Protein chains: 2
Amino acid sequence: MRGRGGRQLGGARYGQLAQQLSRMIEPSVLYLLATGAAGHGYQLAEQANQLGLAETIVEPAAVYRCLRGLEADGCVVSAWDTAGSGPARRVYQLTEAGRQRLAGWVAVINQRAQRLANFVKLCGELGIAPTFFEQ
Amino acid sequence: MRGRGGRQLGGARYGQLAQQLSRMIEPSVLYLLATGAAGHGYQLAEQANQLGLAETIVEPAAVYRCLRGLEADGCVVSAWDTAGSGPARRVYQLTEAGRQRLAGWVAVINQRAQRLANFVKLCGELGIAPTFFEQ
DNA sequence: ATCACCTATGTGTTAATTGCACATATAGTA
DNA sequence: TACTATATGTGCAATTAACACATAGGTGAT
């Protein structure tokens with residue numbers, strides 16, 4: 001860290017839960033683990049795509065990195081599953097800390113949803129209707 | 001030095017209107033120009049903070065960069081205003097292209113708001129209530 | 001058996017974003 | 001003179017994230 005004033009932050013960051021803000025991979029993963037819909041990375045990526053919170057194609061690579069970060073924070077624990085066919089799966093389980101993290105995300109996302117909805121309303125009052133693109 | 005219009009992707013990007021996704025500076029600026037609430041960068045930054053769409057403190061530096069990008073795309077036009085006291089202001093005006101850009105943003109933001117609200121609902125059904133943090 | 005393919009987990013590279021520090025300038029005030 | 005507020009801008013480094021690549025087990029086709 002050689003920032004000019006002992007600074008350690010660079011890009012987007014504005015709170016405890018601001019990471020992966022746009023991609024929404026972390027809340028997707030936490031939710032899927034909470035439901036029990038999926039347990040390992042590859043499957044979580046597939047389910048996250050069906051959940052559709054991320055707006056983008058959720059790639060396994062991003063999910064793996066997210067899971068390792070969550071594990072480092074104690075939000076999930078993992079174990080190898082060598083049973084069944086195909087390569088071994090690293091199966092993840094949500095911890096209590098992970099459940100709290102998800103609850104925090106829900107608060108952030110709830111506020112954001114309201115802010116965004118309010119903006120749409122303000123624009124509507126200005127006579128600006130949403131334009132849906134075909135590209 | 002390639003301009004903003006021809007930039008290639010590396011980071012977050014998933015559509016034509018996905019830039020500055022997390023900060024929401026571009027839609028804030030376009031909206032404020034549409035209402036006529038502000039006309040130059042410094043003032044736009046102040047008004048954007050009151051609008052509160054960005055969730056962060058909107059810094060003038062980010063607004064200036066945003067405005068130059070918008071001008072390169074033909075969404076705004078600018079002119080120097082040397083009247084009045086203090087340093088000269090670069091006053092921006094929204095173009096028809098800018099209005100369309102805002103309408104596109106409204107569509108994106110509207111969809112996002114619904115997705116986020118749905119996620120909050122799903123979590124509520126799981127018994128996960130939002131946790132509000134004190135900061 | 002070899003190949004192609006799917007599943008599954010990871011790393012490397014590189015472009016884009018952005019907060020903060022810094023630079024510059026005008027005008028009013030102490 | 002010095003300081004403050006307004007106003008516009010640049011430079012840099014931390015962070016993010018898409019895409020490519022690497023590795024490996026298992027299955028079915030040629």
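Everything numeric in this text was worked out from a predicted model, so none of it was measured. Naming: A, B, ... by sequence-line order, numbering from 1 per chain.
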Asks: Give one of base, sugar-phosphate or nothing for A:Glu59, where a contact means two heavy atoms less than 4.0 Å apart.
Replies: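 The residue A:Glu59 makes base contact.
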
Asks: Checking side chain to side chain contact (heavy atoms under 4.5 Å, CB included) for the pair A:Met24/B:Leu116: CA distance, chi angles, key distance, verdict?
Replies: CA-CA 10 Å; A:Met24 291 281 154; B:Leu116 297 183; 4.2 Å; yes

Asks: Any N or O donor-acceptor pair linking the side chain of A:Arg89 to the base of D:dG26 at under 3.5 Å?
Replies: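 Side chain to base: no pair present.
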
Asks: Let me know the distance between CH2 of B:Trp80 and P of C:dT26, rounded to the nearest Å.
Replies: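 Answer to the nearest Å: 12 Å.
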
Asks: With no hydrogens and no angle check, is any side-chain donor or acceptor of B:Asp81 less than 3.5 Å from a backbone partner on B:Val91?
Replies: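 Not a single qualifying donor-acceptor pair exists.
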
Asks: Could you tell me the separation between the CD atom of B:Gln43 and the C1' atom of D:dA5, rounded to a whole number of Å?
Replies: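 Atom-to-atom, B:Gln43 to D:dA5, this comes out as 15 Å.
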
Asks: B:Leu44 has an atom CG; how far is it from atom P of D:dG9, in whole Å?
Replies: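 Distance check: B:Leu44 CG to D:dG9 P gives 12 Å.
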
Asks: Under 4.0 Å from OP1 or OP2 of C:dG10: is there any side-chain N or O of A:Tyr64 that close?
Replies: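 Checking A:Tyr64 against C:dG10: no side-chain N or O falls below 4.0 Å of OP1 or OP2.
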
Asks: How many whole angstroms separate atom CG of B:Leu67 from atom P of D:dG9?
Replies: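 My rounded result for the distance is 9 Å.
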
Asks: Roughly how many Å is it from CG in A:Asp81 to P in D:dG25, rounded to a whole number?
Replies: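 Distance, rounded to whole Å: 16 Å.
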
Asks: Using modelled atom types only, decide if a donor and an acceptor are shared between the side chain of B:Arg99 and the backbone of A:Ile128 within a distance under 3.5 Å.
Replies: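 No.
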
Asks: Rounded to whole angstrom units, what separation is found between the CD atom of A:Glu46 and the C1' atom of C:dA8?
Replies: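 Between C1' of C:dA8 and CD of A:Glu46: 10 Å.
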
Asks: Map A:Pro87 and B:Tyr92 onto DNA chain D by nearest heavy atom, then report which one ends up closer to the 5' terminus.
Replies: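 Mapping each residue to its closest nucleotide by heavy atoms, the 5'-most match is B:Tyr92.
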
Asks: Which pair of heavy atoms, one from B:Ala38 and one from B:Leu33, lies closest together, and at what distance?
Replies: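 In terms of heavy atoms, the two residues are closest at O-CD2, 3.5 Å.
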
Asks: To the nearest Å, give me how far apart OH (B:Tyr42) and P (D:dT6) are.
Replies: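 Going from B:Tyr42 (OH) to D:dT6 (P), I get 5 Å.
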
Asks: Can any side-chain N or O of A:Glu71 pair as donor or acceptor with the backbone N or O of A:Ser78 at less than 3.5 Å?
Replies: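 Yes; judged by distance alone, with no hydrogens or angles, the pair exists.
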
Asks: Using a heavy-atom cut-off of 4.0 Å across all strands, would you classify A:Ala61 as base, sugar-phosphate, or nothing?
Replies: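 Result for A:Ala61 = base.
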
Asks: Out of D:dT8, C:dA8, D:dT10, which nucleotide sits closest to the side chain of B:Arg68?
Replies: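 Out of D:dT8, C:dA8, D:dT10, the nucleotide with an atom closest to B:Arg68's side chain is D:dT10.
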
Asks: Can you tell me if B:Arg65 touches the phosphate of D:dT10, counting only side-chain N or O atoms and a distance under 4.0 Å to OP1 or OP2?
Replies: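 No, because none of the side-chain N or O atoms of B:Arg65 sits under 4.0 Å from OP1 or OP2 of D:dT10.
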
Asks: When the nearest nucleotide of DNA chain D is assigned to A:Gly84 and to B:Gly41 on a heavy-atom basis, which residue is associated with the more 5' position?
Replies: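 Looking at the nearest nucleotide for each, B:Gly41 comes out on the 5' side.
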
Asks: Starting at atom CD of A:Glu55, determine the distance to atom P of D:dA17, rounded to an integer number of angstrom.
Replies: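 In whole Å, D:dA17 P and A:Glu55 CD are 13 Å from each other.
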
